[in-house]
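A, B, ... follow the sequence lines: proteins, then strands. Residue 1 opens every chain.
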There are 2 protein chains.
Amino acid sequence: MVVIVVSGRKRKFDEQTALQAAMEVFWAKGFVGASLADLTKSMNINKPSMYSAFGNKETLFIKATQHYIDNNMQAHLGVLLAPELPLKTRLKNYMMSIVGMQCSTDHPKGCYLVLCQSEVAGGDIPEQATKLLLEIESAPIALLSDLFNTDNEAITLGLNENAASNALTLYTALKGTAAMARSKVTSTELEFVIDTILAGVFNTSKNYSTPKAILQ
Amino acid sequence: MVVIVVSGRKRKFDEQTALQAAMEVFWAKGFVGASLADLTKSMNINKPSMYSAFGNKETLFIKATQHYIDNNMQAHLGVLLAPELPLKTRLKNYMMSIVGMQCSTDHPKGCYLVLCQSEVAGGDIPEQATKLLLEIESAPIALLSDLFNTDNEAITLGLNENAASNALTLYTALKGTAAMARSKVTSTELEFVIDTILAGVFNTSKNYSTPKAILQ
DNA sequence: ACTTAAACGTACCATTAGGTACAATATAGA
DNA sequence: TCTATATTGTACCTAATGGTACGTTTAAGT
């Protein structure tokens, strides 16, 4: 990041610190629920400073969302791709790493993205922000799907047969834990959930056939 | 429901129809995101009529929430408690019945309750409404937990050993599918997810021990 | 037909929403 | 030190928010 300063009064606040504060407000309240007053109060700056530094509410949101991804999502990738560990262990570590964040008391509970993505259907999120939120959705599914398709152990276990569905299952589970975390459920309680779901993915992979909708 | 009419002009709108319309707005937008203008427009009445019939935004929300439970949640209970069917089948039917509703095009996607419960943490939902949303949360978990504790087949399979955790697992899965449904994922795609998770619950019940947080 | 009471529609209230104009202030370079 | 430029704080803008006052309209009971 290159900052060119020609002259003029210096900024009193740190842009990254302010962005972090804005991110936490969106995390707690969503895009629609976060007011400019909420945001600027947490960021500890006034509105003109916010507008000059970040554009408007939508562009601030886009930057905050990117900040969330960079600082709160990417970190979990390491444990997923860690070599030398069995696939199931890597998946468990990855999922529990995310669940741990969802339940942490260091910031709002749950997942920033799950909350804001659920607002999209309401139709009150501006165009560019909506586009970003929809794009983000596909990345983790593609990542897991790709893993099931290419990992040697996954192929041996037959998990590649239903790679997309298995990825969807884990992603759905993480959206569920995000919602539960918002309701103050603990990481310890959710570990059972993750273990059970992983057991389902690993045990049912070999003899799965397309099920019927309602069984009699 | 007893309606005593003394005299005066007759209502032009049907209260249940209006409540249904309000419910769908809250379902799409949440409590905070739904404005009085959104609500009265969908209800096809004006504000004074709304206030005289339903009190205010919060009491309207409480009635709409109860309407949702009565009309969109209770219906699924039948298939869960249907006698003569294996437990796993009953659970699958119950969950797919809910997933089918979450994915239906007859109303907003996802779950009214999951959306509104996720707004609670934002702090912008009034007291009584918050209380109701939190109370509602415990019912389905208690129902499933009780089922695992008392159903003969569940006991035989050892599912009662971790009744509360198994209930939490299924409830978490349903919250996940609610979030996925909002993103236009289909009921067919989610059936795989439900099957996998049920397989996990039913297969891991016999030899489960408390897991460690991060495995090496 | 007349009275009484309820629902309706318009117009309004105070507050908050997102967003800006502008003067005062602080800084770097000449 | 002077000038050019960028940030700050205050005060304001318009539109939308949840909520109401009040006069008009419609119906039931007599």
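Taking side-chain N and O atoms only, B/Lys10 has no distance below 4.0 Å to OP1 or OP2 of C/dA6. Contact between the side-chain N/O atoms of B/Asn46 and the OP1/OP2 oxygens of C/dC8 is not found at any separation under 4.0 Å. The side chain of B/Ser35 places an N or O atom within less than 4.0 Å of a non-bridging phosphate oxygen (OP1 or OP2) of D/dT17.
Listed for the A/Arg182 side chain is no donor-acceptor partner under 3.5 Å among the backbone atoms of A/Gly110. Side chain of B/Ser42 to backbone of B/Ala21: no donor-acceptor contact under 3.5 angstrom is found.
In this structure, the side-chain hydrogen bond (donor to acceptor under 3.5 Å, both in side chains) partners of A/Asn71, at least two apart in sequence or on a different chain, are A/His67.
What separates CG of A/Leu36 from P of D/dT17 is a distance of 16 Å, to the nearest Å. In this structure, A/Glu15 atom CD and D/dA6 atom P are separated by 15 Å, rounded to whole Å. Rounded to an integer number of Å, the gap from CD1 of B/Ile45 to P of C/dC8 is 8 Å. Note: CG (B/Asp124) to C1' (D/dT17) measures 13 Å, nearest angstrom.
Taking the six-membered ring where the residue is Trp, B/Phe61 and B/Tyr112 present parallel rings, their angle staying beneath 30° rather than reaching 60°.
When each of C/dA17, C/dT20, C/dC8 is scored by its nearest atom to the side-chain atoms of B/Arg11, the top-ranked nucleotide is C/dC8.
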What's the verdict on side chain to side chain donor-acceptor pair (under 3.5 Å) for A/Asp14 and A/Thr17, showing C-alpha distance, side-chain angles and the deciding distance? CA-CA 5 Å; A/Asp14 175 59; A/Thr17 306; 2.7 Å; yes
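Less than 4.0 Å separates DNA chain D from at least one heavy atom of each of the following residues of residues 48-64 of chain B: B/Pro48, B/Tyr51, B/Asn56, B/Lys57.
With hydrogens and angles left out, the side-chain atoms of A/Asn166 and A/Thr169 include no donor and acceptor closer than 3.5 Å.
For D/dT25, its base sits under 3.5 Å from the side chain of B/Arg9 at one donor and acceptor pair at least.
Residue contacts for A/Lys47: at a heavy-atom cut-off of 4.0 Å it reaches a base atom on one of the strands shown.
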